[in-house]
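What follows is a single structure, written as structure tokens, with notes after it.
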Amino acid sequence: MSENYRGYRGPALATLQEYSAQVWSDVEIHIGTGTFTGIVLPRSETADPHHIVIKLRSGYNVGIEATGVEKITVQGRKEAHYKIPEKEFPFDPAKPRVKLLGTGGTIASRLDYRTGAVIPAFSPGELYGSVPELADICNLETEKLYGVFSENMGPEQWVGTARAIGREIEKGVQGIVIGHGTDTMHHTAAILSFMVQNTPVPIVMVGSQRSSDRPSSDAALNLMHSVKTAAESDIAETMVCMFGPTSDVYGLLHRGTRVRKMHSSYRSTFRTIGDIPLAMVSRESIRPLRHDYHHRRQDRNVTINTAFEERVSIVYYYPNMKPDIIESLVDNNYRGIVIAGTGLGHVNKPLYPALRRAQQKGIAVYMTVQTLWGYVQMYVYDTGRDMMELGVIPGANMLPEVAYMKLGWALGQTKDVLKVREIMMTPVAGEITEREPSNGYLIFQGGIPEVEEFISRYRR
Ligand code: ASP
């Protein structure tokens, strides 16, 4: 797309073209209720196709719906330059090579206050310009794979990212960082944990909850932590690296199959579920919290298995759910269903006949728990036993999203439900563990009350 219409598509683009207006045109836009005067701004690649965005003389930006535009008069052109100063990333032969693969999300964008445009900040030069500390850690190479907000990630991007990881490992990088929107980072972390097996180097996913132009942004620190982990850590697994506590004290490394975004706005949103995190990372050090991880290796052997069956769904059970929800998946030829059940893994009785149909049609149905912590246990109540008779397979302590990804991956490899079951129930990357650590739930989810009380006596 031409720079003159950067980010514009559909009706918004057509309207601009109709009146010979372009990005940076100084315009008057007439709509039924009045006139707006300002500069047409570029839009991000993921913006909607319906609005023309202009910066008003007051400095505010407004989006004007293209269909309501009666006329645009162009008065001139005022181009703004909004690039982050590029500095050449210094090369130091003594430092490890790290590759940053960008997929999008807040971490890849920076809001330019002057223009109101969200711009990508991803070339090594731009990153070095905004986080110069990165050059103390490694030689960073960057590549933008995608530029999407993470709800738009899907099989095409997962497969593309897994292949890019394989390529980079073979090329000899010592670590990989993947910039990603936080919203679905744990989904992508899970599928990459399955698609990329036996990695010899750390694969570190990172994002930010606040864009780098905001004073409270977590982008720079998360980047430094993740790049340090990729360059120096001994942990050769797919991980998520994000803020540990809400303050800028340290980051946590979470195993890709045990992590979940748990808060819509806190910077410390990612938590390890059903276990304790892999390590703490600060600008000075990486401190493992456990030792059962895969260690870094010097070889370049990695297995990339990008199988994925898309006809898989997660059904989040709620009381009074009607069987037509399951029926429609059966009728639409879905091949796998992951249920997030109540308590130990339950759904109501009216769903049973639909589950029977799913079983008869050879659909793989797995149970997980909405509680997130804990295991599916289908022997405790009659409900569980009944459902197992209907072919529902208990998914141990796989998180629902992780079970969804694994089922897609397993069904991508085979049509045989018994083989699928074998793949599903054999732990590949920590998605099923034998037990939860007794301290995991308390320590990393808000502290131990007795200790909190003790400390509060001395806290001013
Ligand atoms: N909506 C954004 C995304 O997930 C949020 C973020 O990047 O943190 O892409």
Side-chain angles (χ1 to χ4, degrees), residues 7 43-49 51 53 63 84 100-112 116-123 126-127 130-131 142-161 164 176-193 203-227 229 238-248 251-254 256 259-273 314 399-402 404-405:
R43 303 205 68 195
S44 76
E45 291 166 32
T46 49
D48 74 84
H51 293 85
V53 177
I84 298 175
L100 172 67
L101 300 169
T103 67
T106 304
I107 192 150
S109 25
R110 191 176 74 92
L111 191 75
D112 188 281
V118 172
I119 60 170
F122 238 87
S123 74
E126 283 172 327
L127 273 181
S130 41
V131 192
T142 62
E143 182 182 338
K144 180 179 161 189
L145 294 178
Y146 311 104
V148 297
F149 286 121
S150 68
E151 56 275 23
N152 301 307
M153 292 293 287
E156 186 192 325
Q157 290 78 10
W158 301 328
V159 169
T161 308
I176 293 171
V177 175
I178 298 163
H180 197 286
T182 57
D183 294 354
T184 72
M185 194 182 323
H186 55 286
H187 296 79
T188 304
I191 193 64
L192 292 179
S193 303
I203 300 168
V204 194
M205 299 199 63
V206 69
S208 71
Q209 283 280 81
R210 321 246 165 101
S211 59
S212 53
D213 52 302
R214 294 177 58 181
S216 62
S217 174
D218 46 342
L221 206 58
N222 284 338
L223 260 176
M224 283 187 263
H225 290 158
S226 59
V227 167
T229 304
T238 300
M239 302 172 254
V240 164
C241 174
M242 292 284 292
F243 260 46
T246 36
S247 55
D248 311 17
L252 284 173
L253 298 179
H254 306 274
V259 63
R260 205 165 184 285
K261 184 171 182 177
M262 297 300 284
H263 199 284
S264 60
S265 59
Y266 280 7
R267 296 176 303 173
S268 56
T269 173
F270 282 89
R271 305 284 94 183
T272 288
I273 307 292
I314 302 184
L399 294 167
E401 300 85 356
V402 175
Y404 163 79
M405 290 297 180

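Atoms within each ligand, like the ligands themselves, are counted from 1 in listed order. Start at 1 with the first residue, then count along the sequence.
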Protein residue, atom and distance nearest to atom 9 (O) of ligand 1, heavy-atom basis:
S150 N, 2.7 Å
Numbered in order shown, the ligand 1 atoms found under 4.0 Å of a heavy atom of G181 are 3 (C), 4 (O), 6 (C), 7 (O), 9 (O)
Less than 4.0 Å is my threshold; does some heavy atom of S208 fall inside it relative to ligand 1?
yes
Give the residue, atom name and distance (to 0.1 Å) of the protein heavy atom nearest atom 8 (O) of ligand 1.
T182 OG1, 2.5 Å
For G105, the atoms of ligand 1 under 4.0 Å from one of its heavy atoms are 7 (O), 9 (O)
Looking at non-hydrogen atoms alone, which of T106, V148, T269 comes nearest to atom 5 (C) of ligand 1?
T106
Taking only non-hydrogen atoms of F149 and a 4.0 Å limit, the atoms of ligand 1 in range are 2 (C), 9 (O)
Look up atom CD1 in I203 and atom OG1 in T238, then write down how far apart they are to the nearest 0.5 Å.
4.0 Å
Among protein heavy atoms, which lies nearest atom 2 (C) of ligand 1, and at what distance?
D183 OD2, 3.7 Å
Under the salt bridge (Lys or Arg N to Asp or Glu O under 4.0 Å) definition, can you give me all pairs with a residue in residues 183-193, not counting sequence neighbours?
D183-K261
I'd like to check Q209 versus F243 (side-chain heavy atoms, cut-off strictly below 4.5 Å). Are they in contact?
no
Relative to each other, are the rings of H186 and F270 parallel, tilted or perpendicular (30° and 60° limits)?
perpendicular
Does the N or O separation between H180 and ligand 1 drop below 3.5 Å for any pair?
no
Dump the intermediate steps for side-chain contact (heavy atoms from CB on, under 4.5 Å) on T188 and T161, then the final yes or no.
CA-CA 9 Å; T188 304; T161 308; 5.5 Å; no
Decide side-chain contact (heavy atoms from CB on, under 4.5 Å) for H187 and I191; before the verdict, give the C-alpha distance in whole Å, the side-chain angles of both, and the deciding distance to 0.1 Å.
CA-CA 6 Å; H187 296 79; I191 193 64; over 6 Å; no
Name the residue from T103, L100, L145 that meets the side-chain contact (heavy atoms from CB on, under 4.5 Å) definition with I178.
T103
